[in-house]
Amino acid sequence: MEYTFTFFFTLEYLCRLYCSEKPRQYALSFFGIIDLLSTLPLYIGWIFGPIRYLMVIRTFRLIRVFRIFKLFSFLQEGDLLMRSLAISAPKIGVFFLFMVIMVISTGTLMYMVEGSIPGSPFSDIPTSIYWATVTMTTVGYGDIAPITFLGRVLSTVLMLMGYTIMAVPTGIVSAQMVHDHKPKRKNRFCPECGSPLPIDAHFCSFCGQKQKLYMHEMPKASHKQSATHA
């Protein structure tokens, strides 16, 4: 099976190099490097033999698992998800920065509260920041816990904040996916004066004409043409 998989991986890599308009760009890309590292260990073993210090190269075979990410390019839903994540990346980045600031501030505050207590596990600020990260993400390992009343109050507040804050990235990506999947609706125009209207407008804000909600794009009409038609 090792020989069979290596043969197909090698064949695919060579075919991609041959079919690509820019072979160098593919060879230096993320998936190009993964494809190359997926095929090298067997050939290196053939050339150099079972040398002990080269056995570490065989661990590169584990990189093959990353090839599963290529399946996203064959799935329409996967493409929608990846596009939504890419568009939402700046917002998620701002949220991540906010989370970093929160855990650093809360961890430092907890160290000020618990650090001077004998036997307290909050021995330094990095340990307190680790506790704040575990608590805010609602993981709750329980290896570090406050022992004072004020520390437990702060811990409770942080837990409640974690439940509300951790849902923000999911909402950002979900809103973007709904926006991308939502069909584009045509613009509406008032049949009386030709002014643009919101989708859910019942009356025209310019001439006061009552509108039909199912009416979409309409040709512009002047007051003179409306009077002549009447």
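FYI, the numbering just counts along the sequence from 1.
- Here the CD1 atom belonging to I104 is positioned 11.5 Å from the CE atom belonging to M99, to the nearest 0.5 angstrom.
- Note that CG of D143 and OG1 of T127 are 10.0 Å apart. Values are rounded to the nearest 0.5 Å.
- Residues G162 and T138 share a closest heavy-atom pair of C-CG2, 4.1 Å.
- Contact check for F98 versus I165: side-chain heavy atoms found under the 4.5 Å cut-off.
- Hydrophobic clustering (side-chain heavy atoms under 4.5 Å, transitive across Ile, Leu, Val, Met, Phe, Trp, Tyr) keeps L28 apart from Y13.
- The shortest heavy-atom contact between V134 and Y141 is CG1-N, 3.5 Å.
- Listed here is the closest heavy atom pair of G107 and A132: N-CB, 3.9 Å.
- Residues M161 and I144 fall within the same hydrophobic cluster, defined by Ile, Leu, Val, Met, Phe, Trp and Tyr side chains chained together at heavy-atom separations under 4.5 Å.
- Residues S123 and Y111 come closest through the heavy atom pair O-CE1, 3.6 Å.
- The OG atom of S120 lies 9.0 Å from the CE atom of M110; values are rounded to the nearest 0.5 Å.
- Residue V103 comes nearest to M136 through the heavy atom pair CG1-SD, 4.0 Å, listed as atom of the first residue, atom of the second, then distance.
- Within the hydrophobic cluster formed by Ile, Leu, Val, Met, Phe, Trp and Tyr side chains joined at under 4.5 Å, directly or through other members, V113 is accompanied by L150.
- Under a 3.5 Å cut-off, the side chain of E114 and the backbone N or O of I147 do form a donor-acceptor pair.
- Hydrophobic cluster membership of I101, counting Ile, Leu, Val, Met, Phe, Trp and Tyr whose side-chain heavy atoms lie under 4.5 Å apart directly or via other members: L97.
- We find the CZ-OG distance between F95 and S88 to be 13.0 Å, quoted to the nearest 0.5 Å.
- Atom CZ of F8 has 12 or fewer heavy atoms from other residues, nucleotides or ligands within 6.0 Å.
- Among residues at least two apart or in separate chains, there is no side-chain hydrogen bond (donor to acceptor under 3.5 Å, both in side chains) pair with a member in residues 156-165.
- Hydrophobic clustering (side-chain heavy atoms under 4.5 Å, transitive across Ile, Leu, Val, Met, Phe, Trp, Tyr) groups F122 together with V139.
- Between T6 and T39 the shortest heavy-atom distance is CG2-O, 4.1 Å.
- Taking T135 as the reference, W131, S155, L158, M159 meet the side chain to side chain contact (heavy atoms under 4.5 Å, CB included) condition, with sequence neighbours excluded.
- In the hydrophobic cluster analysis, where Ile, Leu, Val, Met, Phe, Trp and Tyr join through side-chain heavy atoms closer than 4.5 angstrom, F7 is grouped apart from L14.
- If you chain together ILVMFWY residues whose side-chain heavy atoms come under 4.5 Å of each other, V94 ends up in a group of its own.
- By the side chain to side chain contact (heavy atoms under 4.5 Å, CB included) test, A145 pairs with no residue at all, sequence neighbours left out.
- Environment of CE in M112: sparse, with no more than 12 heavy atoms of neighbouring residues, nucleotides or ligands closer than 6.0 Å.
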